Amino acid sequence: MNIYKVGKIVKGTVTGIENYGAFVSLENDYTGLIHISEISYGYVKDISNYLKIGDIIYVEILDVDDELLHLKLSIKNIKYNKKNKRKPKEIVETKTGFKTLSEKLPIWINEKMAEINQK
């Protein structure tokens with residue numbers, strides 16, 4: 001049974017980076033290679049500028065070898081580093097705001113200056 005199909009986008013984990021490409025581990029003991037030419041349409045000098053070992057990414061399947069459990073992969077046509085982005089919490093200003101800082105900063109500066117002068 002073919003689990004992976006050409007053109008399908010799946011999630012994997014980057015397990016290695018070489019000059020010629022990045023290795024990706026997928027489910028069901030499959031591994032894959034993203035050749036450097038499949039990283040970006042532009043010139044890729046260093047794959048580490050795009051991927052890091054341990055990154056969980058989305059990849060597009062270009063070719064499947066079910067005997068070897070190996071896939072040829074690409075990220076240049078997809079948004080490979082989609083994250084579950086949560087809406088950031090709204091920052092609510094407190095009533096005291098920076099008042100504490102403005103009160104304490106001169107004290108901290110004087111304490112540090114005294115410490116420096118004692119050395």
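Residue numbers run from 1 in the order of the sequence given. On a predicted model such as this, the values are computed, not experimentally measured, just so you know. Values below: all heavy atoms of this structure, side chains included; hydrogens, waters and symmetry mates excluded.
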Inset, instruction - Identify the heavy atoms of Val24 and Ile57 that sit nearest to each other, and give their distance. - result: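 It is CG2-CD1, 4.4 Å.
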
Legend entry - Exercise: identify the closest heavy-atom pair between Tyr58 and Ile75: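 Here Tyr58 and Ile75 meet closest at O-CG2, 3.6 Å.
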
Given side chains that start at C-beta, do those of [X] and [Y] come closer than 4.5 Å, heavy atoms only?
| X | Y | answer |
| --- | --- | --- |
| Ile17 | Ile53 | yes |
| Ile36 | Glu18 | no |
| Leu33 | Leu71 | no |
| Leu51 | Ile39 | yes |

Inset, instruction - Nearest 0.5 Å please: distance from the CG atom of Leu26 over to the NE2 atom of His70. - result: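 NE2 of His70 is found 10.0 Å from CG of Leu26.
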
Legend entry - Atom pair NZ/CG of Lys76 and Leu62 - distance to nearest 0.5 Å: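 It comes to 8.5 Å.
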
Legend entry - Distance-only side-chain donor-acceptor flag, Tyr30 / Asp66, under 3.5 Å: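 Distance-only check passes for Tyr30 and Asp66.
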
Compile the donor-acceptor pairs under 3.5 Å between side chains in residues 8-15 and protein atoms, sequence neighbours left out, one pair per line.
from  : atom 1 : to    : atom 2 : distance (Å)
Thr15 : OG1    : Phe23 : O      : 3.4

Inset, instruction - Return yes if some donor-acceptor pair links the side-chain N/O of Asp65 with the main-chain N/O of Glu67 below 3.5 Å, else return no. - result: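 Looks like yes, one N/O pair under 3.5 Å.
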
Inset, instruction - Give a yes or no on whether the backbone of Ile107 and the side-chain of Asn110 come within a donor-acceptor separation of less than 3.5 Å. - result: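 No: the side chain of Asn110 does not pair with the backbone of Ile107.
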
Inset, instruction - Kindly indicate, with the supporting measurements, whether the criterion side-chain contact (heavy atoms from CB on, under 4.5 Å) is fulfilled by Leu69 and Thr31. - result: CA-CA 6 Å; Leu69 303 178; Thr31 59; over 6 Å; no

Does [atom1] in [X] sit with more than 12 non-hydrogen atoms of other residues, nucleotides or ligands closer than 6.0 Å?
| X | atom1 | answer |
| --- | --- | --- |
| Lys72 | NZ | no |
| Asn49 | CG | yes |
| Asp46 | CG | yes |
| Glu103 | CD | yes |

Inset, instruction - Please check if Val44 and Tyr20 belong to a single hydrophobic cluster, counting links between Ile, Leu, Val, Met, Phe, Trp and Tyr side chain heavy atoms closer than 4.5 Å. - result: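 Shared cluster, no.
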
Inset, instruction - Give the intermediate values and the outcome of side-chain contact (heavy atoms from CB on, under 4.5 Å) for residues Glu27 and Tyr4. - result: CA-CA 10 Å; Glu27 293 180 354; Tyr4 296 108; 3.6 Å; yes

Legend entry - Of all pairs that satisfy side-chain hydrogen bond (donor to acceptor under 3.5 Å, both in side chains), the ones with a partner from residues 32-45, not counting sequence neighbours: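 Found His35-Ser37, Glu38-Ser74, Tyr41-Asn77.
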
